[in-house]
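Below is one structure, written out as structure tokens, with a few remarks after it.
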Amino acid sequence: MAEESEWQEKWAESGIFNPEPDQREKYLITVPWPYTSGPLHVGHGRTYTLADIVGRYKRLRGFNVLFPMGFHESGTPIGSISEKIKRGDEKTISLYRKYIAEYENEENVEAIMNSFKEPLNVANYFSSKITKDFKTLGYAIDWRRTFRSIDPVYSKFVQWQFRKLGSMNLLKQGSHQVLYSIEDGNAVGEDDIEDGDTDKVSIEKFVMVLFKKNDEDVYLAAASLRPETIFAVTNLWINPDSRYVRIRVDDKIIITSEKASQKILYQFENSELKDAVESDEILNSQYTVPATGVKVKVYRNTRINPEQATGVVYSVPGHSVMDLSYIDELGIGLEGRSIINLENKKSSASEYLAKYKDPSRANSEMYKDEFYSGVMASDLPLIGGKSVKEAREIMQNELIKRGFAYEFYETSRPARTRDGKPVIVSIMHDQWFINYSNEEWKDKVRENVSKMNFYPEFYRKNMFDVIDWIEERACARKRGLGTPFPQDGKWVIESLSDSTIYPAFYTFSHLINDKEPENLDDNFFDYITDNGTEEVNPGMKELSQEARKEFKYWYGVDQRITSAPHMSNHLVFYLMNHMAMFKGRYQPKGISIIGTVISKGAKISKSKGNAISLLDVVKQYGADLFRLYVALVAEVDSSLDWNETEIENVKSVYGTIKNVFSLILEKGESKTDDYTELFKIKFKHHLKNYFEKMDSFQIRAGYVEIIHETLKDLNQLGNLGMDTASAVKEIWELWIQVLSCAIPHLSETIWKQMGKSGFVSISEIRAEVISEGDRIRVENFDYVLSLSEDIRAIQNVTKIKPSLIKITVGNESLKEDARKILQGDLNVSTKSIIGNVKKFRGKLNLDVNEMGAITQYKEILEKLFLAGVAVEEYAGDGNKKVPLPGRPVIDLEGEKIG
RNA sequence: GCGGAGGUUGCCGAGCUAGGUCAAAGGCGGCAGACUCAAGAUCUGCUUCCGUAGGGGUUCGCCGGUUCGAAUCCGGCCCUCCGCACCA
């Protein structure tokens, strides 16, 4: 697209998208900065393109618009990509070979791949390529202000932020459970886990209950999700084929499977592995059920998975179909006891087994039913009569309080890292958190949320819910790229937490990007963000003042355009941190949530391999076409289906626009008649609607109005044999201005060809006024068109090809009568119309001057039906049908056909 | 389960926050006609059923309710999608 890149170069050279503070009202629009682990796909393209369209629209309407962009490079994924490439992981290498090939000639691919063994090279490579992609799409971005989340100057800003959060007592340290790979020696995220993106692994809380061995101070540790069933334990299970060990936890010796011991050691700070224990030794003793004192035996059960939880299970045949079926299978002959009621009846595992046949299915149905609607038997101590939900909580706390149990965490499913290492739950004992549960803080944010703009509106409610729900949030990790945690150098600031108030940095980044990070102390940032201090390093004085001026002018993000998954993480941090850092000033003003992009009806996901490269699309179709597709095909809050048929349609719309303009370039001369005037008025009307729709963020509706409706009018004009080129000539300037937000490249070309100087991209649009006279003209025209539909309907039913269409319109007295009837006054001169007026009350038109309208646009009807048109006013002769206001009598004279 | 969104005529998708002008926009697909040697593209008309005059019948997930009147309001039910945390 040579023409497109030419304009992109001209925009860059002229610096028209690099705004400075001035007298105009400002508009700051931001999007989430992309994570630079690979090329962008069409989903990114949609969000960023919509932001660009909105930015350009605001500029057109006279705002001083800033649209900045940066790159997110902190976090763990880039590091693990490098790690995998270094290790020779084939899946990753082939994926990245494909990515690189999108940008490079074949012979360069290997060298670049090789450089990816260093994480920074991955980040640098993709951030520079994505920058190019954005330029290729024609985005009006101020590139002077770009920065990356791992830039040293930005790190200074983040550290300032965290020192301030610390001084406000919003940080705390505590223990925290994470998914962890022992072999890798670090925490693992969704991306590190095999199938982690499709089959999510979560952390489940178990209770590890200690059953005291009869003759020793040793405990068998059985983990359960259902501590409330402790009163119905009949026995314990171990797997005789597996090895068991003794572990010291605090001052107790507990027994678990050897496979489980690692989990214990990683979850309990004060723990150590002692020695192996023979299963016979376990089986020979009796054990005491805590809280009840009942003695139970341990049985062999090869179905018990030694890797699951502790490898020891307590058996509750009354409430676990699995336990019941094991007991039957092994012929142990223990009776289950029911201690939970469902609908005032004892819940029974054997009934569930009978109903569902499959024990595992029956078990989960029973679990669900009991959890949501079960009530504990009334004779139980402590939890009698309570709901299962409550009882579970109470029992867990009680058992732990009395030293009979520990909390224990397990993965929701067996999980491995992508290279096959086991994933367990580990506890970090000194994890740093941002304490978002502070109610005072939340209240201030809630207040701002109630004032902000949300599109779609229901996300406001959604955000209130998220604010209610958010508690402590881990904000530091021990690996990955990022800013060192200022309070504790062992940690790196977690990558979502380092990207909360970063849009503020755009306001002055171009002034400090090349400065020595050491000079950017806390005073500096406090000063420029207008945060209370007036003291700055004397050497930085001038710079600080300038930066402060930019911040004060620009800040307060007017619109953040992003996607729904950010609601419960990034966006809530974004709002909370802005409130904490800027004392209620410079707060975000608007959030718009863009729907997802799907492909041929299916969700796009990395694992399916159906991600569509944005670069490929732009190479194939060009920037304007992609932009028009985004604007026109789906409303911003619904999902956008990327498919070839639709883009062909958009292509033809684009072609039509192009043709219309090449036509007026050739021969459009300004001349005005009734019809060009009418077209102009209609266009003004579309323009007004376009403004309204764009202002309420209905981008598609806005462009449908200004493109499809205008083309429709034009088409209509053409069908009536009118000179369309002259009509367009009347409105072309306004039209190209609004089109330029969606298709800026073509628009610039046309702007220039039409002899305009400067760029349409930075032009301002003048508002057009629609007068009363204009309104009546359009009304008359629409009336005649609707009349033509009635004529067509009659023609279809009667099969008469008319040579003469006789129209009899109602007179003043009929109109007066109709008005009276509609008001309920039946005392009128022509009583015969009462029935029809009531019947057709929705279809009458009392305002239009029918005779005038038909006379004015008579030739339209003549052209449409190739017939003569005669119009007369109703004379009052009782024999004929009587017209109603807006519903004249139509008689067709002519040949019957068909 | 909790929270959110949604179920519209062959398909996609408006409308439903202010109930009547909604048989319900627009696009796609289908049919017919014009143009063409022909196809394609383009244009015109039709595309729920009935009807020799602009009309009538039956429709907007299902069942009820409010109302003179409901796709639109209320209640219940069924189904689909999304989020439920330390991950970008």
Side-chain angles (χ1 to χ4, degrees), chain A residues 32-37 72-78 176-179 187-193 196-197 200-203 368 371-373 389 428 431-434 436 456-459 461-466 468-477 480 494-497 499 564-570 572-573 595-596 601 603 632-635 637-639 641 643 645-646 648-650 652-653 655-656 698 700-701 704 708-709 712 715 718-719 786-787 789-800 839-845 864 881 886-892 896 898:
Chain A
W33 46 9
Y35 190 68
T36 53
S37 61
H72 199 201
E73 302 184 354
S74 35
T76 52
I78 288 177
H176 177 61
Q177 62 274 23
V178 291
L179 295 173
V188 292
E190 191 177 293
D191 283 347
D192 305 312
I193 296 170
D197 50 345
K200 231 186 136 171
V201 180
S202 55
I203 296 174
K368 249 199 322 211
F371 180 69
Y372 294 115
S373 40
K389 238 186 268 189
M428 312 289 252
Q431 175 69 48
W432 284 94
F433 296 90
I434 296 179
Y436 288 114
E457 174 61 33
F458 68 78
Y459 281 109
K461 163 99 174 57
N462 207 309
M463 183 50 80
F464 281 126
D465 293 344
V466 172
D468 290 345
W469 156 88
I470 193 168
E471 295 173 354
E472 290 77 24
R473 170 82 191 201
C475 64
R477 348 181 66 201
E494 186 269 329
S495 57
L496 285 181
S497 301
S499 304
H566 286 149
M567 284 297 293
S568 60
N569 43 61
H570 166 70
V572 69
F573 306 158
T596 49
K603 200 171 148 185
L632 222 41
V633 168
E635 200 47 88
D637 56 337
S638 60
S639 51
D641 194 349
N643 66 67
T645 334
E646 283 296 340
E648 286 307 317
N649 297 334
V650 174
S652 89
V653 172
T656 308
Q698 295 166 268
R700 173 173 182 261
V704 165
H708 285 308
E709 293 297 316
K712 205 165 119 188
N715 212 346
N719 290 338
S786 80
L787 195 56
E789 279 167 30
D790 281 348
I791 296 169
R792 175 124 25 230
I794 296 168
Q795 184 187 309
N796 286 344
V797 182
T798 59
K799 311 268 192 296
I800 292 170
K839 188 168 166 192
F840 298 120
R841 65 190 180 287
K843 294 187 174 175
L844 301 184
N845 182 347
L864 284 175
K881 290 180 66 182
R887 270 179 85 80
V889 170
I890 300 163
D891 291 293
L892 302 187
K896 209 170 154 178

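Atom set for the values below is all heavy atoms of this structure, side chains included, hydrogens, waters and symmetry mates excluded. Labels below follow one simple rule: chain letters A, B, ... track the order of the sequence lines, proteins then strands, and each chain is numbered from 1.
- The distance between atom CG of A:Leu179 and atom P of B:C86, rounded to the nearest whole Å, is 7 Å.
- The two residues A:Leu632 and A:Val704 come nearest to each other via the heavy atoms CD1-N, 3.9 Å.
- Going from atom CZ of A:Arg473 over to atom P of B:C84 covers 10 Å, rounded to whole Å.
- B:C86 atom P lies 11 Å from atom CG of A:Asn569, rounded to whole Å.
- Comparing the C1' positions of B:G13 and B:U8 gives an interatomic distance of 9 Å, to the nearest angstrom.
- Where A:His72 and A:Val704 meet RNA chain B, the nucleotide closest to each residue was compared, and A:Val704 sits on the side nearer the 5' end.
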Base contacts versus sugar-phosphate-only contacts with protein, heavy atoms under 4.0 Å: please encode nucleotides 13-18 of chain B as B, S and - from 5' to 3'. ------
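- Looking only at side-chain heavy atoms (C-beta outward), A:Val572 and A:Met567 stay at 4.5 Å or farther from each other.
- Relative orientation of the A:His176 and A:Phe433 rings is perpendicular, given thresholds of 30° and 60° on the angle between their planes.
- Look at B:C77: its Watson-Crick or wobble partner, with both distances under 3.5 angstrom, is B:G61.
- Side-chain nitrogen and oxygen atoms of A:Ser495 include at least one within less than 4.0 Å of the OP1 or OP2 phosphate oxygen of B:A88.
- Look at B:U66: it lacks any Watson-Crick or wobble partner with both distances under 3.5 angstrom.
- Considering all non-hydrogen atoms of both residues, A:Pro77 and A:Tyr35 come closest at CD-OH, 3.2 Å.
- If you measure from atom CG of A:Leu892 to atom C1' of B:G54, you get 10 Å, rounded to the nearest angstrom.
- Residue-level contact check: A:Pro888 touches the bases, meaning some heavy atom is under 4.0 Å from a base atom.
- For the atom pair A:Trp469 CH2 and A:Ser568 OG, the distance stands at 4.5 Å (nearest 0.5 Å).
- In this structure, the nucleotide among B:C86, B:A88, B:G83 sitting nearest to the side chain of A:Tyr35 is B:A88.
- Across all strands shown, B:A53 has no partner, as no Watson-Crick or G-U wobble contact with both distances under 3.5 Å is found.
- Residue A:Glu457 is classed as having no contact, given no heavy-atom separation below 4.0 Å to the nucleic acid.
- Between the side chain of A:Asn462 and the backbone N or O of A:Phe458, no donor-acceptor pair lies under 3.5 Å.
- In this structure, A:Tyr459 has no ring-ring contact (aromatic ring centres under 6.0 Å, His included) partners at least two apart in sequence or on a different chain.
- For B:A41, there is no paired nucleotide, since no Watson-Crick or G-U wobble pair has both relevant distances below 3.5 Å.
- Atom CH2 of A:Trp469 and atom P of B:C82 are 18 Å apart (whole Å).
- Distances were taken from every side-chain heavy atom of A:Ile470 (C-beta onward) to each of B:A88, B:A85, B:G54; the shortest belongs to B:A85.
- Using a 4.0 Å heavy-atom criterion, one finds that A:Gln431 contacts no nucleic acid atom at all.
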Under 4.0 Å protein heavy-atom contact, by nucleotide of nucleotides 3-9 of chain B - B base, S sugar-phosphate only: SSS----
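- Separating the P atom of B:A5 from that of B:C22 is a span of 28 Å, rounded to the nearest Å.
- Taking atom P on both B:C63 and B:C50, the two are 25 Å apart, rounded to the nearest angstrom.
- Rounded to a whole angstrom, the distance from the P atom of B:C35 to that of B:G27 is 25 Å.
- Taking atom C1' in both B:C12 and B:G30, the straight-line distance is 15 Å, to the nearest Å.
- Note that CD of A:Glu73 is 4.0 Å distant from OG1 of A:Thr36, once rounded to the nearest 0.5 Å.
- Here the C1' atom of nucleotide B:A88 and the CG atom of A:Leu496 are 6 Å apart, to the nearest Å.
- Look at the C1' atom in both B:G6 and B:A71: the space between them is 14 Å, to the nearest Å.
- Between A:His708 atom NE2 and B:G27 atom C1' the separation is 8 Å, expressed in whole Å.
- In this structure A:Glu472 satisfies the side-chain hydrogen bond (donor to acceptor under 3.5 Å, both in side chains) test together with A:Lys172, A:Ser437, sequence neighbours excluded.
- Look at the C1' atom in both B:G7 and B:U72: the space between them is 15 Å, to the nearest Å.
- The ring-ring contact (aromatic ring centres under 6.0 Å, His included) test applied to A:His570 returns A:His566, A:Tyr574, not counting sequence neighbours.
- Across all strands shown, the partner of B:G26 is B:C12, judged by Watson-Crick or G-U wobble contacts whose two distances both fall under 3.5 Å.
- Partners of A:Ser499 under the side-chain contact (heavy atoms from CB on, under 4.5 Å) rule, at least two apart in sequence or in another chain, are A:Trp33, A:His72, A:Tyr502.
- Only the P atoms considered, B:G69 is 23 Å distant from B:G76, to the nearest whole Å.
- At whole-Å resolution of the value, CD1 in A:Ile890 and P in B:G55 are 10 Å apart.
- Put simply, CD on A:Gln431 and CD on A:Gln177 are 10.0 Å apart, with the number rounded to the nearest 0.5 Å.
- Close to B:A88, at under 4.0 Å from its OP1 or OP2, lies a side-chain N or O of A:Thr76.
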